[in-house]
Amino acid sequence: MTLDNVVRSLAPDSGPGLTPGAREMLTQIMDMAEPAPRARRARWRPLIALPIAAAVTAAGWSATVVLGATPAAALDIKDEGDHYLIEVKDLYANSEVYETQLKDSGLDISLKVVPVSPSFVGEISPDTPGWTSGPFPYADKIKTIDRPEGCDFSRSCPIGLTIAKDFTGKAEIKLGRKGRPGEEYQAVAGLHDRGEPLHCKPFYNRRVSEVRGSLAALGISITDFSIKKPGQRGEDTEASTSVPDSMYVTGGGMSELGKAFLIVSETPMEEELMRTILRKEGCAADEKSTS
């Protein structure tokens with residue numbers, strides 16, 4: 001996922017009133033809003049909707065029939081009746097190792113486990129070939145596994161897939177895992193999204209100096225800025241490694257472990273748009289955002 005793609009999805013237009021660009025983004029937020037989360041686990045990323053449903057519970061992992069499970073197996077593949085439950089045991093195995101094990105179980109699936117920002121861990125990446133927007137093409141046949149209650153981005157939690165036995169097609173899937181130092185994330189969520197470092201913390205329309213301090217307290221440095229001028233769309237932003245501390249932050253994300261980028265502007269985003277985004281993220285309005 002390129003920085004331009006992230007900027008296009010995270011950087012709202014600014015200016016007086018609700019500009020066409022801001023209205024377009026507001027409509028996108030409304031259109032992509034997800035249903036109310038189940039009690040077991042909050043759904044993440046209101047700006048990047050992933051149509052993935054939970055399929056099994058942690059208790060359901062004790063199946064009696066095991067396919068391709070050896071002490072050194074990269075995947076634990078269990079027969080669960082109408083579907084296979086696949087837990088990734090070796091998060092860093094070569095994709096060919098996964099593919100061989102899956103094909104030995106009769107599944108024509110190419111699986112890559114890739115580094116992603118915290119809220120994408122355990123989820124199917126939108127960088128999956130053939131799926132960059134819209135409904136996930138295999139949503140009724142391939143799903144992520146349910147993880148134990150309370151299992152969030154700060155813990156090492158099992159990740160994997162369930163694949164329906166009547167799935168007869170060929171699929172290429174990218175599944176998110178925690179990144180290691182120096183690994184560039186292949187899927188990026190907003191810094192303010194649920195599960196990300198600044199969720200429900202002062203962020204939108206705050207000055208660069210304040211956001212820099214908030215990130216530094218979490219051990220995160222800022223490596224890049226994308227400067228957005230009033231009226232510009234995301235793809236027209238200017239990249240820089242430094243900006244004045246007085247600029248306003250209107251977006252951003254994690255690029256790799258401990259490193260972030262910010263989207264900034266000389267003017268704040270519109271209050272109406274900011275409040276709508278915060279509501280969708282389950283956060284209270286930031287009354288002092290433009291101080």
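It should be emphasised that the depicted structure is a prediction, and the values quoted were computed from it without experimental measurement. Below, all heavy atoms of this structure are taken into account, side chains as well, without hydrogens, waters or symmetry copies.
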Scanning both residues in full, the closest heavy-atom pair of Y138 with K170 reads OH-O, 3.6 Å
Evaluate the criterion side chain to side chain donor-acceptor pair (under 3.5 Å) for residue pair Y204 and E271; output intermediate values, then yes/no. CA-CA 10 Å; Y204 292 121; E271 289 290 328; over 6 Å; no
Out of curiosity, does L257 fall in the hydrophobic cluster containing L215 (side-chain heavy atoms, cut-off under 4.5 Å, transitive links)? yes
Is a donor on one side and an acceptor on the other found under 3.5 Å between the side chain of E196 and the backbone of S119? yes
More than 12 non-hydrogen atoms from neighbouring residues, nucleotides or ligands closer than 6.0 Å to NZ on K112, yes or no? no
Taking the side chain as every heavy atom from C-beta outward, state whether L175 and T144 have any pair of such atoms under 4.5 Å apart. yes
I'd like to know if the side chain of T162 and the backbone of I145 have a donor-acceptor N/O pair within less than 3.5 Å. no
Spacing of CD1 belonging to I263 relative to CE belonging to M269, to within rounding of 0.5 Å: 9.0 Å
V243 versus L262: any side-chain heavy-atom pair under 4.5 Å? no
For a 4.5 angstrom cut-off between non-hydrogen side-chain atoms, does L161 reach E87? no
Would you sort out whether E99 and L102 count as a side chain to side chain contact (heavy atoms under 4.5 Å, CB included), showing the intermediate values? CA-CA 5 Å; E99 187 172 343; L102 289 165; 5.6 Å; no
Minimum side-chain heavy-atom gap R177-P115 below 4.5 Å: yes
Is there a side-chain contact between S255 and T223 in this structure, where contact means two heavy atoms from C-beta onward sitting under 4.5 Å apart? yes
Is there a donor-acceptor pair closer than 3.5 Å between any side-chain N or O of H192 and the backbone N or O of K201? yes
Linking I/L/V/M/F/W/Y whenever their side-chain heavy atoms sit closer than 4.5 Å, directly or via other members, would L91 and I77 fall into one cluster? yes
Would you sort out whether K259 and D224 count as a salt bridge (Lys or Arg N to Asp or Glu O under 4.0 Å), showing the intermediate values? CA-CA 9 Å; K259 296 182 180 180; D224 299 282; over 6 Å; no
How long is the gap from CD1 on I86 to OG on S105, to the nearest 0.5 Å? 7.5 Å
So, is the end of the R180 side chain (NZ or CZ) under 6.0 Å from the ring centre of Y92 and within 45° of the ring's axis? yes
With side chains defined as the heavy atoms from C-beta onward, is the minimum distance between Y84 and K78 less than 4.5 Å? no
Have R212 and S209 got a donor and an acceptor in their side chains that come within less than 3.5 Å? no
Indicate yes or no for a side-chain donor-acceptor contact from Q101 to the backbone of L75 under 3.5 Å, with no hydrogens or angles considered. yes
Say you draw a straight line from OG of S246 to CD of E266; how long is it, rounded to the nearest 0.5 Å? 8.0 Å
Supply the atom-to-atom distance H199 NE2 to L191 CG, rounded to the nearest 0.5 angstrom. 12.5 Å
Is the backbone N or O of I124 less than 3.5 Å from a side-chain atom of T128, with the two atoms forming a donor-acceptor pair by type? no
The test is side chain to side chain donor-acceptor pair (under 3.5 Å); show your working for Y248 and R207 and say whether it passes. CA-CA 5 Å; Y248 294 97; R207 305 285 185 171; 2.9 Å; yes
Backbone of S242 reached by a side-chain donor or acceptor of S240 within 3.5 Å: yes
Mark yes or no for whether S265, through its side chain, and K228, through its backbone, hold a donor-acceptor pair below 3.5 Å. yes
Quick check against the 3.5 Å criterion: does H83 have a side-chain atom that pairs as donor or acceptor with the backbone of I163? no
Exercise: identify the closest heavy-atom pair between S117 and A189: OG-N, 3.1 Å
Ring centres under 6.0 angstrom apart (F225, F261): no
Any idea which heavy atoms bring P197 and L218 closest together, and the distance? O-CD1, 3.7 Å
Looking only at non-hydrogen atoms, find the nearest pair between M247 and I227 and report the distance. CE-CG2, 3.8 Å
Quick one: OG1 on T168 to CG on D108, what's the gap to the nearest 0.5 Å? 10.0 Å
Determine whether I159 and V97 fall in the same hydrophobic cluster, where Ile, Leu, Val, Met, Phe, Trp and Tyr are linked whenever their side-chain heavy atoms lie under 4.5 Å apart. no
